[in-house]
Amino acid sequence: MKKFTKLAAHAAPLPVANIDTDQIIPKQFLSTVERTGLSRGLFFDMRFLSDGSPNPDFVLNKPAYEGAKILIAGPNFGCGSSREHAPWALLDYGIECVISASFADIFFNNCFKNGVLPLILDASQVDALMSQANGQNARFEIDLAAQTLTGPDGNIYHFEIDPGRKKSLLVGLDEIGQSLMQQDQISEHEHKRKLMTPWLG
């Protein structure tokens with residue numbers, strides 16, 4: 001997966017709590033296992049009106065937030081059913097980081113496996129950033145190595161992240177990629193196991 005080191009980008013505010021994975025990517029878009037092309041279904045019921053035209057009131061349809069790579073969302077983002085298509089759709093659209101006060105566990109874990117940074121801050125900090133992003137094309141800067149987010153007003157916010165997950169994002173390796181980095185050790189173990197327990201085949 002793509003490395004995540006630093007991100008300087010515009011942010012789109014979505015001050016809605018409990019956005020579930022069906023809202024992020026509705027079920028009719030789950031028939032594919034391809035990670036590309038899912039952006040067309042991202043927030044489909046919010047982005048489009050019943051006649052299929054873009055909803056002018058939805059934040060990602062507003063010119064001020066065109067090209068936003070950061071989403072600032074309400075608490076409990078990504079709740080509901082487990083679907084890895086949710087971070088796939090966000091990334092395919094161009095969203096590389098979601099900031100919230102809290103995330104649903106499965107969605108949170110799936111983000112790290114697919115190169116999306118789910119960044120947790122205190123609710124008051126999220127509200128402050130939401131206010132700065134609201135109504136303007138404000139620029140935010142994220143430095144994963146330093147674990148800092150710099151807001152448009154220059155304030156610096158520090159965030160916590162599991163060291164292992166941080167490393168996987170910095171080097172751009174998911175769990176399978178990390179396992180393949182140990183291929184020599186795995187092969188050596190398999191060879192020893194065959195010698196010690198030949199009856200296992």
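These values consider heavy atoms only, across backbone and side chains, with no hydrogens, waters or symmetry-generated copies. Values in this document were obtained by computation on a predicted structure and should not be read as measured data.
- Of all heavy-atom pairs spanning A11 and A68, the tightest one is C-CB, 4.2 Å.
- Using a 4.5 Å cut-off on side-chain heavy atoms (C-beta onward), V59 and F43 make no contact.
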Please walk me through it: do I142 and C97 pass side chain to side chain contact (heavy atoms under 4.5 Å, CB included)? CA-CA 9 Å; I142 299 169; C97 174; 3.5 Å; yes
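- Qualifying side-chain contact (heavy atoms from CB on, under 4.5 Å) partners for A123, counting only residues two or more places apart in sequence or in other chains: A101.
- Taking the six-membered ring where tryptophan is involved, the planes of F77 and F103 are perpendicular, since the angle between them exceeds 60° and thus also 30°.
- Heavy-atom minimum distance, R35 versus N114: NH1-OD1, 2.8 Å.
- Listed for the D143 side chain is no donor-acceptor partner under 3.5 Å among the backbone atoms of T148.
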May I have the step-by-step check of side chain to side chain contact (heavy atoms under 4.5 Å, CB included) for L90 and F107, ending in yes or no? CA-CA 12 Å; L90 286 164; F107 173 83; 3.7 Å; yes
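- For the pair L42 and I24, the minimum side-chain heavy-atom distance is below 4.5 Å.
- Taking every heavy atom of both residues into account, L169 and M1 meet most closely at CD2-CE, 4.1 Å.
- Of all non-hydrogen atoms in S81 and T21, the two that sit nearest each other are O-OG1, 2.7 Å.
- Note that the CG atom of N109 and the CD atom of E84 stand 10.5 Å from one another [nearest 0.5 Å].
- Listed by chain and residue number, S82, N110 satisfy the side-chain contact (heavy atoms from CB on, under 4.5 Å) test with I106 (two or more places apart in sequence, or in another chain).
- Sorted by first and then second residue, the salt bridge (Lys or Arg N to Asp or Glu O under 4.0 Å) pairs with a member in residues 40-51 form an empty list; sequence neighbours excluded.
- Side chains of I95 and V116 form no contact here, defined as non-hydrogen atoms less than 4.5 Å apart.
- Taking all atoms of both residues into account, the shortest heavy-atom contact from Q132 to P152 is OE1-CD, 2.9 Å.
- Under the side chain to side chain donor-acceptor pair (under 3.5 Å) criterion, S102 pairs with no residue, sequence neighbours left out.
- In this view, Q125 satisfies the side chain to side chain donor-acceptor pair (under 3.5 Å) rule with no residue, not counting sequence neighbours.
- Legend: residues meeting side-chain contact (heavy atoms from CB on, under 4.5 Å) with E96, ordered by chain and number and at least two apart, are K2, F4, L7, K69, L91.
- Every residue two or more places apart in sequence or in another chain was checked for a ring-ring contact (aromatic ring centres under 6.0 Å, His included) with F140, and none qualifies.
- Qualifying side chain to side chain donor-acceptor pair (under 3.5 Å) partners for N18, counting only residues two or more places apart in sequence or in other chains: N76.
- Clustering of Ile, Leu, Val, Met, Phe, Trp and Tyr by side-chain heavy atoms under 4.5 Å joins L38 with I25, F29, L30, F44, F48, W88.
- The shortest distance between side-chain heavy atoms of I70 and L119 does not fall below 4.5 Å.
- Across all their heavy atoms, V98 and A73 have their closest contact at CG1-CB, 4.3 Å.
- Within the structure, salt bridge (Lys or Arg N to Asp or Glu O under 4.0 Å) contacts touching residues 147-166 (residues at least two apart or in different chains) do not occur.
- By the 4.5 Å heavy-atom criterion applied to side chains, T5 and L144 are not counted as neighbours.
- Applying the ring-ring contact (aromatic ring centres under 6.0 Å, His included) rule to Y157 yields no partners; only residues at least two apart in sequence or on another chain are considered.
- Side chains of F159 and I99 form no contact here, defined as non-hydrogen atoms less than 4.5 Å apart.
- Every pair passing salt bridge (Lys or Arg N to Asp or Glu O under 4.0 Å) that includes a residue from residues 19-28 is listed here, sequence neighbours excluded: D22-R83.
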